[in-house]
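Any value given below was found using the heavy atoms of this structure, including those in side chains, with hydrogens, waters and symmetry copies removed. Below, chains carry the letters A, B, ... as their sequence lines are ordered, and counting in each starts from 1.
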Amino acid sequence: MSQTTNQRLSVKLPGLNLKNPIMPASGCFAFGDNRYAEMFDLNELGAIIIKAATLEPRVGNPMPRIAEVPGGVLNAVGLQNPGVEVILKEKLPQLKAKYPNLPVIANVAGTQEADYVETARRLSDSGMVDALELNISCPNVKHGGMQFGTDPASAQALTAAVKKVSSIPVYVKLSPNVTDIVAIAQAVAAGGADGLSMINTLLGMRLDLKTRQPVLANGTGGLSGPAIKPVAVRMIYQVSQKVDLPIIAMGGVSSAADVLEMFLAGASAVAIGTAIFHDPLVFPNVIADLPSKMTEFGIDNLSDLIKEVRSRRNEN
Amino acid sequence: MSQTTNQRLSVKLPGLNLKNPIMPASGCFAFGDNRYAEMFDLNELGAIIIKAATLEPRVGNPMPRIAEVPGGVLNAVGLQNPGVEVILKEKLPQLKAKYPNLPVIANVAGTQEADYVETARRLSDSGMVDALELNISCPNVKHGGMQFGTDPASAQALTAAVKKVSSIPVYVKLSPNVTDIVAIAQAVAAGGADGLSMINTLLGMRLDLKTRQPVLANGTGGLSGPAIKPVAVRMIYQVSQKVDLPIIAMGGVSSAADVLEMFLAGASAVAIGTAIFHDPLVFPNVIADLPSKMTEFGIDNLSDLIKEVRSRRNEN
Amino acid sequence: MPSVRNFSLVKQERLTEDVFQMELKTTESLSEYQPGRFVMVEIPNGLQQLRRPLAIAAVDLLTGCISLIYRVVGQGTEQLAKLVVGAKVNLLGALGNGFNIQNFQVGDQVLLVGGGTGLPPLMYLAQTLGQQGCLVTTMVGFRTKAQIFGTQVFEQAGQLQLATDDGSAGKLGNVGTLLNAWKMNNCRHVFACGPLGLLKAVQQRFASQSVPVDLSLESRMGCGMGVCAGCMVSVNGGTLNQHICQEGPIFSAAEVQL
Amino acid sequence: MPSVRNFSLVKQERLTEDVFQMELKTTESLSEYQPGRFVMVEIPNGLQQLRRPLAIAAVDLLTGCISLIYRVVGQGTEQLAKLVVGAKVNLLGALGNGFNIQNFQVGDQVLLVGGGTGLPPLMYLAQTLGQQGCLVTTMVGFRTKAQIFGTQVFEQAGQLQLATDDGSAGKLGNVGTLLNAWKMNNCRHVFACGPLGLLKAVQQRFASQSVPVDLSLESRMGCGMGVCAGCMVSVNGGTLNQHICQEGPIFSAAEVQL
Ligand SMILES: Cc1cc2nc3c(=O)[nH]c(=O)nc-3n(C[C@H](O)[C@H](O)[C@H](O)COP(=O)(O)OP(=O)(O)OC[C@H]3O[C@@H](n4cnc5c(N)ncnc54)[C@H](O)[C@@H]3O)c2cc1C
Ligand SMILES: Cc1cc2nc3c(=O)[nH]c(=O)nc-3n(C[C@H](O)[C@H](O)[C@H](O)COP(=O)(O)OP(=O)(O)OC[C@H]3O[C@@H](n4cnc5c(N)ncnc54)[C@H](O)[C@@H]3O)c2cc1C
Ligand SMILES: Cc1cc2nc3c(=O)[nH]c(=O)nc-3n(C[C@H](O)[C@H](O)[C@H](O)COP(=O)(O)O)c2cc1C
Ligand SMILES: Cc1cc2nc3c(=O)[nH]c(=O)nc-3n(C[C@H](O)[C@H](O)[C@H](O)COP(=O)(O)O)c2cc1C
Ligand code: FES
Ligand code: FES
């Protein structure tokens with residue numbers, strides 16, 4: 001392999017020229033303003049996806065919001081965030097000041113089409129964001145966009161409305177809590193999405209034998225971590241066979257091998273969420289491990305792998 | 001506690017007077033004709049759910065059919081079974097001869113309504129089965145009934161058709177791979193189901209980095225084991241709040257504590273599948289542990305717990 | 001800057017039926033391991049996705065050891081209790097704000113109030129304040145005599161007031177009983193750590209007093225690093241606006257809403 | 001009747017770079033641990049939901065020990081290789097049909113053919129047949145000299161024919177080379193275990209001969225107990241009609257479809 005690491009790891013997606021495909025998943029790295037960021041250089045990342053932004057500030061759900069389950073984590077944070085204004089005035093400028101070259105993807109959430117659109121417009125216009133990730137899949141708030149994520153027509157309409165006001169590419173983040181993920185993906189493609197982001201959390205619950213009540217104050221929560229990886233791989237595989245959009249893959253990734261499995265499923269980039277809670281250095285570790293894992297499995301570079309996997313699909 | 005263990009553990013469901021609520025899940029104990037059955041007395045079980053029966057014999061999917069994933073197992077057995085005729089002539093008579101007092105639930109699968117109905121009729125007429133479990137949720141065969149499990153109208157029609165020919169209670173086994181589990185449950189209730197069985201496996205996939213192909217010959221497979229427990233608990237909880245039918249709960253149960261969590265979610269009985277692969281004595285172990293776990297959490301007897309949980313739901 | 005490193009277990013001791021003390025050794029600097037701060041402990045079998053927060057109960061700079069004292073309450077702490085000497089234990093730390101004790105002087109009177117698994121951070125605090133020459137009074141409540149641990153540290157650091165629910169040791173009653181009986185003379189600062197009920201009692205007891213009161217809070221934690229928003233608390237009239245793991249775990253009783 | 005019990009690890013030895021031998025001790029009966037049968041090993045960290053099938057490589061009734069010889073190929077075997085003496089290893093066994101060798105007599109000529117991780121069951125078989133007075137010839141292939149293990153057992157039990165792909169030990173070539181060169185004189189039975197290619201070569205080599213040939217098959221296994229239908233194979237013209245774990249792992253080459 002005479003290629004440099006950069007040549008081997010770099011990937012191109014709409015709006016995103018990434019030196020490597022690895023990024024923190026939304027909600028698992030705040031706005032880069034967290035203590036993990038003291039432990040390694042964020043410039044090592046391919047990009048960062050920041051916590052959901054809503055039009056107004058949200059205080060989120062009552063506590064407890066987080067619980068452990070076998071192979072995974074349940075969370076019901078409920079889109080807590082300071083609102084798009086504070087994000088534009090404080091969070092993003094701080095992030096850009098510290099890491100001017102780090103591509104930024106902003107996760108956008110809302111209740112109705114109007115506030116999605118307005119939040120997206122402001123983020124797009126700010127010039128501080130490289131792409132939007134439309135969160136139509138938050139299971140943890142009554143009106144968290146899940147209604148958009150489970151109905152193809154609404155998903156398509158919302159995507160189209162956001163596309164209209166956005167000058168940067170729009171990735172739509174899909175919910176796995178649906179009967180037919182391909183139908184939703186096709187709908188957002190028809191709505192003009194530039195890419196997909198999948199998957200958000202599976203809706204789950206844990207009950208406390210002592211209180212006989214749900215462990216989470218919200219009742220249900222979103223399941224993330226290794227437990228959901230097989231579902232993520234299956235959905236990404238299914239969608240990549242039918243829909244031509246690039247996919248930012250996530251769901252239970254915690255190693256370079258997991259990253260490659262996502263690429264084989266059809267990913268063009270990979271986000272990591274829950275794994276950082278266990279391994280604070282998961283980002284530098286995975287990025288460092290990738291080249292040798294690729295060599296082990298005969299993978300020259302990721303761009304070619306993406307093409308190979310995509311062309312294999314089209315034959316089917 | 002002056003109650004006998006039997007009084008504390010016994011549960012009553014349509015067609016099933018069980019001395020305890022614990023039974024093997026379909027496909028994880030064959031027809032009782034397996035080597036686990038040499039290791040403990042099947043008379044200890046509350047009941048047994050036998051492997052899916054189809055009208056004609058099925059050879060199932062090509063190998064490999066089974067793979068491990070974090071916290072779970074993927075299988076794509078594909079309803080391999082000798083067909084209802086052999087089951088009636090050999091499997092059930094052998095089972096009844098050995099364990100005349102063990103309640104038997106027969107899992108029924110098919111491709112079209114007609115073969116479901118015919119298989120159900122024959123099993124019902126045989127006099128060797130106490131209840132049917134209508135499998136409208138097998139993810140592992142092209143025509144495994146999943147189409148019935150994901151569409152409320154088809155689910156209702158199939159349930160009604162099977163009810164018409166069955167003189168024994170009919171439990172309908174639901175697929176978790178749906179957007180709205182409550183809608184499916186309500187539909188099968190409207191179709192006349194006597195009870196529900198939930199959940200079947202989540203549709204998942206694992207890819208092999210060496211071959212770059214799915215590990216399972218079938219491509220996708222059904223995810224079972226601890227990884228799916230939070231999804232099972234959530235769905236059972238949601239359904240039990242809206243639908244008055246008793247639920248046989250399953251999905252990742254491996255301990256007495258898990259059993260109680262299922263009861264708190266809304267179960268009236270509990271099946272165990274994947275856990276036996278790890279712990280061959282999981283059935284006698286869980287049954288033996290139940291009374292002390294119940295005492296630890298202030299639960300006198302399961303029948304009262306079922307009533308308590310159900311009444312709490314109705315208040316919501 | 002938090003670091004993540006393997007410590008080696010040099011001592012595992014059972015203090016009561018369900019409370020254990022681990023001594024963990026490192027060759028690296030412990031300068032950030034200050035009283036009131038905590039670590040996120042990796043549960044070593046690889047099953048648990050989340051680390052567990054435990055307070056730093058003691059630091060010995062000479063030997064390069066820290067102590068963690070924990071009650072076995074669930075799967076994570078059960079695993080910790082199984083570890084034997086020589087095992088590697090991975091800690092992320094030190095985290096949180098810690099007790100603000102930089103400006104304390106010789107002779108300052110300080111009151112510590114604690115119970116249950118709130119004692120470990122107070123043990124380290126008492127030791128530090130005692131070494132700084134403060135006059136440390138500690139009020140501690142236990143359910144019964146058999147559950148007592150850690151009291152020597154408080155006796156060495158100053159004066160100990162003990163209560164048990166069943167009167168089997170110390171006064172009959174709980175920390176509330178001790179608080180009510182207490183006469184405050186020139187107390188410069190109050191620190192409390194323990195169950196919610198205890199914290200509320202302390203908050204209330206001193207609500208109308210001018211003495212500053214700091215409470216160390218507990219919460220389930222996802223990350224311990226200010227990311228997951230799993231540990232929020234309402235401070236200064238806001239709603240769930242601060243992270244117990246980052247702005248805390250120590251909050252001013254006058255500002256925090258329990 | 002299969003039993004599930006804890007054995008204690010009394011020896012863990014590295015045979016080649018990635019092949020290990022575990023010696024496991026029990027106080028209970030080993031009468032069911034016959035050549036060709038296997039155990040389902042629990043992976044001790046609690047992460048893996050499935051046990052792993054491993055052939056019984058040796059049994060010492062005097063010490064109550066069995067040997068398992070395994071190549072580290074994935075997460076499960078990696079965990080096994082980490083175990084140290086004194087560890088508890090939970091085995092479900094003995095499973096499968098085993099080699100049918102009850103009617104062999106002193107002087108019977110038997111051919112064993114093996115490669116890779118197919119050798120462990122043949123080691124136990126060779127030893128047993130040797131003790132029964134049979135004349136045991138074993139053909140074994142390895143990729144290279146560094147990968148050789150287990151050959152002493154075959155030498156002690158009879159005659160060893162060795163090949164390596166690179167000629168670094170024994171004949172240059174593979175088991176196929178040895179098979180082609182071999183002259184069959186009064187061979188009473190052939191047993192083979194190894195990769196699919198080897199089994200197919202053996203099946204083909206003796207297809208038109210009257211000598212009975214038994215093949216020991218491998219498969220991913222879910223349960224090992226005839227339940228999950230994860231290990232089916234086509235026998236006697238049927239389609240996936242027998243369980244490798246239950247009716248096998250040993251099948252007649254004349255009946256099984258590879
Ligand atoms: C900053 C901080 C410092 C701490 N210091 C100590 C210490 O020094 N010593 C000590 O023994 N404990 C301490 N704790 C508490 C300790 O973190 C928990 O007891 C531990 O995480 C439980 O882990 P587990 O896996 O054994 O229990 P789990 O299996 O996670 O839970 C067991 C039971 O405890 C409950 N539970 C778990 N964590 C919490 C929580 N944080 N709040 C309320 N209920 C909970 C669960 O609902 C469950 O019923 C501290 C917590 C925090 C936040
Ligand atoms: C009856 C029987 C007896 C066996 N005896 C031995 C023995 O004595 N010594 C020995 O070293 N091995 C033996 N094996 C094989 C052994 O079971 C596997 O190597 C082991 O289960 C791998 O576990 P793992 O967790 O390390 O690998 P995994 O992580 O499960 O898999 C690692 C890699 O191996 C592949 N793989 C795993 N199992 C199989 C399989 N059965 N067939 C094909 N590919 C597979 C996977 O696809 C993957 O690429 C036997 C198998 C059977 C069925
Ligand atoms: C604590 C937590 C908070 C999250 N917040 C968000 C969010 O604000 N917006 C969003 O789109 N997804 C959110 N997610 C989902 C993740 O971005 C990701 O899709 C999911 O966790 C699966 O990836 P993982 O298994 O690597 O964590 C959150 C997940 C967790 C665990
Ligand atoms: C190997 C295997 C075979 C199965 N076969 C069937 C089947 O024939 N019919 C059916 O309704 N469910 C079948 N299932 C699903 C189980 O009955 C059960 O619903 C599911 O595995 C969840 O429970 P668990 O996590 O305890 O295994 C099978 C599951 C496994 C693992
Ligand atoms: S524990 Fe995650 S933000 Fe505090
Ligand atoms: S491994 Fe389960 S039937 Fe053979």
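Heavy-atom pairs under 4.5 Å with chain B were tallied for Ala67(A), Gly72(A), Pro226(A); the largest tally goes to Pro226(A). For the set Leu264(B), Val231(B), Leu209(B), the count of heavy-atom pairs under 4.5 angstrom toward chain A peaks at Leu209(B). Interface summary for chain A: among Glu261(B), Glu308(B), Gln213(B), Lys229(B), the most heavy-atom pairs under 4.5 angstrom belong to Glu261(B).
At distances below 3.5 Å, not a single donor-acceptor pair connects side-chain atoms of Arg212(A) with backbone N or O atoms of Val309(B).
The two residues Pro230(A) and Leu74(B) have their closest heavy-atom pair at CB-CD2, 4.3 Å.
For the atom pair CG of Leu203(B) and OG1 of Thr179(A), the computed distance is 11.5 Å after rounding to the nearest 0.5 Å. In this structure, Ile236(B) CD1 and Leu207(A) CG are separated by 10.0 Å, a value rounded to the nearest 0.5 Å.
The part of Val69(A) that comes within reach of chain B is its side chain, from C-beta onward, which places non-hydrogen atoms under 4.5 angstrom from that chain. Using a 4.5 Å cut-off between heavy atoms, Ala257(A) contacts chain B through both its backbone and its side chain. When heavy atoms are compared at a cutoff of 4.5 Å, Leu305(A) approaches chain B solely by way of its side chain, counted from C-beta outward. Within the 4.5 angstrom heavy-atom criterion, only side-chain atoms of Pro214(A), from C-beta onward, approach chain B. Only the side chain of Gln238(B) has a heavy atom closer than 4.5 Å to any heavy atom of chain A.
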The test is side-chain contact (heavy atoms from CB on, under 4.5 Å); show your working for Asn177(A) and Arg234(B) and say whether it passes. CA-CA 12 Å; Asn177(A) 303 294; Arg234(B) 185 261 296 182; 3.8 Å; yes
